[in-house]
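Taking it in order: structure first as structure tokens, then the write-up.
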Amino acid sequence: QVQLVESGGGLVQAGGSLRLSCAASGRTFSTYVMGWFRQAPGKEREFVAATKWSGDSTHYGDSVKGRFTISRDNAKNTVSLQMNSLKTEDTAVYYCAARRLPFYRLDAHDYEYWGQGTQVTVSS
């Protein structure tokens, strides 16, 4: 099993920045892709960004390209999401997720492990 714990959410004004972190523990060696998703009230879970434990590749959802940056620290088993130029529409619960197969996927159903989520609220 893999345990994921998010931190760093909060309230920020539009145009501001936040940094989310995800600490992974357990059988992390069984996972290849680490991703961030978000879910706003009444909406489906949306892909935000993903990276792999090895290599330099990253992948972003269209709505966050150029504003969010995903990074990882293999020594600490953490994955971070730097969010800049935040908009009110970025308000959501943000989830860290891990996938056992080495291919990027944008569908939440393709990720086997999930954190409990952290709330991000962007005020106007």
Residue pairs fulfilling disulfide (SG to SG under 2.5 Å) with at least one residue in residues 24-65, sequence neighbours excluded: none
Side-chain donor-acceptor pairs of residues 54-61 under 3.5 Å, sequence neighbours excluded:
unit_1: S57; atom_1: OG; unit_2: Y104; atom_2: OH; d: 2.7
unit_1: Y60; atom_1: OH; unit_2: I70; atom_2: N; d: 2.9

side-chain contact (heavy atoms from CB on, under 4.5 Å) partners for S7, two or more places apart: S21
Step-by-step side chain to side chain contact (heavy atoms under 4.5 Å, CB included) determination, L81 to T69: CA-CA 6 Å; L81 184 69; T69 302; over 6 Å; no
With sequence neighbours excluded, residues passing salt bridge (charged side-chain N to carboxylate O under 4.0 Å, His left out) with E46: R38
Residues forming a salt bridge (charged side-chain N to carboxylate O under 4.0 Å, His left out) with K43, sequence neighbours excluded: none
Quiz: residues 23-33 side-chain donor-acceptor pairs under 3.5 angstrom, not counting sequence neighbours:
unit_1: S25; atom_1: OG; unit_2: Q3; atom_2: OE1; d: 3.4
unit_1: S30; atom_1: OG; unit_2: R27; atom_2: O; d: 2.6
unit_1: T31; atom_1: OG1; unit_2: T28; atom_2: O; d: 2.7
unit_1: T31; atom_1: OG1; unit_2: W53; atom_2: NE1; d: 3.1

Residue pairs passing the ring-ring contact (aromatic ring centres under 6.0 Å, His included) test where at least one lies in residues 105-124, sequence neighbours excluded: F37-Y111, F37-W114
Test item: S17 and V12 side chains (from C-beta on) under 4.5 Å apart, heavy atoms: no
Salt bridge (charged side-chain N to carboxylate O under 4.0 Å, His left out) partners of R67, counting only residues at least two apart: D90
Sequence neighbours excluded - disulfide (SG to SG under 2.5 Å) pairs with any residue from residues 75-114: C22-C96
Within residues 44-78 or reaching into it, pairs that qualify as disulfide (SG to SG under 2.5 Å) - sequence neighbours excluded: none
Pairs meeting criterion salt bridge (Lys or Arg N to Asp or Glu O under 4.0 Å) with involvement of residues 71-89, two or more places apart: none
Within residues 6-23 or reaching into it, pairs that qualify as salt bridge (Lys or Arg N to Asp or Glu O under 4.0 Å) - sequence neighbours excluded: none
